[in-house]
Undergrad: 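Dropping a structure here in C-alpha cells format, bear with me for questions.
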Amino acid sequence: MQKQLRAAAKEAGILNDFLKTEWHLSKKQIRQAKFRPNGITVNGIQSRINAMLRPGDVVCITLEEADCGSHHLLPYEHPLAILYEDEDILAVNKPAKMVVHPSHGHYCDSLSNAVISYYMQKGLSVTVRSVGRLDKDTSGIVVFAKNQIASARLSVQRDNGLFQKEYLALVTSVPVPTFGTIRTNICKDVASLSKMKTAEHGMHAVTHYQVLQSFHEYSAVSLHLETGRTHQIRVHMSSIGYPLLGDILYGGSPELIQRTALHALRCRFCQPFSGKPIELEAPVPQDMETLM
C-alpha cells in the first residue's frame, strides 16, 4: 500500500520535514519505511530523508510491505453494502446476525472474511483492520482502515471524540426523562459467559440518549457514546429500566423483533490524511423500519 502526494511550492524543503508536517508521520514510521525497498521515493527514485524537495516533486512512501495482508482469514464471497471507500478507508453497512471478526461458530463467514474476499477481488493485499466493532445482532456502519497509519489516526480520533457514531435503538416503553445521560461503570458479569453489568468498580462508561418517537409499547431512541465498552448501550438502557427490544440477554422481549433492535445509523470522522470531514449514514434495516 503506498501513499502519494505532490509537493506544492510552499512545501519545498527537507524530505524528512515534509513527511512529518504533511503526513504527520512519527520518527518510527519514517524509520520503518526508509528501510523497505523503495520505501521512500522522490520522483520514483529512492531517496534519503535529508534530501531536498523541489516544487512539484512527487513523494511516495510505502506504508506496509507489499505482501502484507490477513492471510489467516479465509475469503468469504458475500456482497458488501459499501457506504464509502477511498485508498485508506472502507466503510460498509453490516447486516444483523453477522459477526465482525471470526469467532466461535463463525470462523469463515464473518464480515472480516467478506472484506478480505473483496480486497482479493480488487487485487489488494491489505490487512483487515476495523475501527471498533459491532455486536452480532447490531446492524450498521463498520469502518475498516486499509493501512497501519490510517488505523492509528482513526483510533486517535476515537480517543479524542472526533470519530463519532450515532445509534438508533428500539427500547421497551418510553424512557423518562425523554433525554439524558447515563454515567454508570460497566464490568464483566462473572456469573455469565457473555453478559456485562453495571458496577461501581467497573470501567467508566457514558451514554447520551434522546427519544425520537414513542409508540404504544416501545420507543425509537437516538444514542451517542463517549466511551466504547462492550454491550454499553444494551447494559445502560437495561440498567435504567428500558431494555432494547429483542435483547433477551438484558431483559428485552423477542415478541416484536427477533434480534437486538440496535443500528449504527450515522458516523462522522475525518479522512486520516487529508483531514476532510466524512459523514456516513446507513439505511435503517427493514425489521426496525417496519416497527417504526
Side-chain angles (χ1 to χ4, degrees), residues 1-73 75 82 84-92 100-101 112-113 115-133 142-163 267 269-278:
M1 174 70 67
Q2 292 185 326
K3 291 287 299 179
Q4 286 191 342
L5 188 67
R6 184 174 294 276
K10 64 180 181 179
E11 296 163 340
I14 299 175
L15 174 58
N16 188 57
D17 294 340
F18 173 85
L19 297 174
K20 290 181 178 179
T21 59
E22 187 63 35
W23 287 334
H24 308 288
L25 301 179
S26 67
K27 290 182 179 179
K28 180 180 179 181
Q29 290 165 338
I30 295 173
R31 184 171 63 252
Q32 289 175 337
K34 73 179 184 179
F35 288 114
R36 296 176 181 139
N38 293 317
I40 302 174
T41 64
V42 177
N43 301 324
I45 301 173
Q46 185 143 0
S47 300
R48 294 180 177 272
I49 60 174
N50 62 355
M52 291 296 297
L53 294 178
R54 299 168 299 177
D57 281 347
V58 175
V59 177
C60 182
I61 182 168
T62 301
L63 300 181
E64 296 177 331
E65 297 289 357
D67 63 350
C68 72
S70 298
H71 300 297
H72 63 288
L73 290 176
I82 297 175
Y84 176 85
E85 184 176 13
D86 63 24
E87 60 184 352
D88 305 302
I89 296 167
L90 173 68
V92 302
V100 173
H101 300 292
S112 294
N113 293 107
V115 167
I116 199 64
S117 176
Y118 173 75
Y119 286 159
M120 292 173 64
Q121 291 172 17
K122 295 192 69 174
L124 299 176
S125 182
V126 177
T127 300
V128 175
R129 296 183 175 90
S130 67
V131 184
R133 65 176 66 192
V142 179
V143 176
F144 293 90
K146 292 183 177 179
N147 56 68
Q148 291 174 322
I149 299 176
S151 178
R153 291 184 177 183
L154 290 173
S155 294
V156 170
Q157 289 186 35
R158 288 185 67 198
D159 295 339
N160 294 338
L162 297 176
F163 187 106
C267 187
F269 58 94
C270 294
Q271 211 288 339
F273 289 93
S274 70
K276 180 188 73 173
I278 297 173

Undergrad: A side-chain contact here means heavy atoms from C-beta on lying under 4.5 Å apart; do E85 and K146 qualify?
TA: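 Counting from C-beta outward, E85 and K146 do come under 4.5 Å.
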Undergrad: Quick one: does K20's side chain get under 4.5 Å of I49's, heavy atoms only?
TA: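 With C-beta onward as the side chain, the pair stays apart.
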Undergrad: Could you give the distance from CG (D17) to CG (N50), rounded to the nearest 0.5 Å?
TA: 10.5 Å
Undergrad: Determine yes or no for a side-chain-to-main-chain donor-acceptor pair under 3.5 angstrom, with N43 supplying the side chain and V58 the backbone.
TA: yes
Undergrad: Without swapping roles, check the side chain of S155 against the backbone of S151 for a donor-acceptor pair under 3.5 Å.
TA: yes
Undergrad: What is the distance from atom CD1 of I149 to atom CD of Q32, rounded to the nearest 0.5 Å?
TA: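 That separation rounds to 8.5 Å.
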Undergrad: First locate atom CG of N147, then atom OG1 of T62, and finally report the distance between them rounded to the nearest 0.5 Å.
TA: 11.5 Å
Undergrad: Could you tell me whether the side chain of Q46 reaches within less than 4.5 Å of the side chain of I40, counting heavy atoms only?
TA: no
Undergrad: Would you compute the distance between atom OG1 of T41 and atom NZ of K34 and round it to the nearest 0.5 angstrom?
TA: 15.5 Å
Undergrad: Out of the candidates V92, I89, D88, only one should pair with F144 under the side-chain contact (heavy atoms from CB on, under 4.5 Å) rule; please name it.
TA: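 Looking at V92, I89, D88, the match for F144 under the side-chain contact (heavy atoms from CB on, under 4.5 Å) is V92.
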Undergrad: Where do A145 and A150 come nearest, in terms of heavy atoms and distance?
TA: CB-C, 4.0 Å
Undergrad: Could you pull out the closest heavy-atom pair between R31 and F35, with the gap in Å?
TA: O-CD1, 3.0 Å
Undergrad: Looking at every heavy atom in both L154 and C270, which two are closest together, and how far apart are they?
TA: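 For L154 and C270, the tightest heavy-atom pair comes out as CD2-O, 3.9 Å.
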Undergrad: Tell me the closest heavy-atom pair linking P272 and Q157, and the distance in Å.
TA: CA-NE2, 4.3 Å
Undergrad: Show the nearest heavy-atom pair for residues S112 and V100, with the distance to one decimal.
TA: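 In this case the closest contact between S112 and V100 is OG-O, 2.7 Å.
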Undergrad: side-chain contact (heavy atoms from CB on, under 4.5 Å) with V115: which of V126, L73, V128, V142?
TA: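 Single pass found, and it is V128.
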Undergrad: Any chance you could measure L19, atom CG, to K27, atom NZ, to the nearest 0.5 Å?
TA: 13.5 Å
Undergrad: How long is the span from the NZ atom in K28 to the CD1 atom in I30, to the nearest 0.5 Å?
TA: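 Between K28 NZ and I30 CD1, I get 13.5 Å after rounding to 0.5 Å.
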Undergrad: Report the C-alpha separation of L90 and Y119 in whole Å, then their side-chain angles, then the decisive distance to 0.1 Å, and conclude whether the side chain to side chain contact (heavy atoms under 4.5 Å, CB included) test is met.
TA: CA-CA 10 Å; L90 173 68; Y119 286 159; 4.0 Å; yes
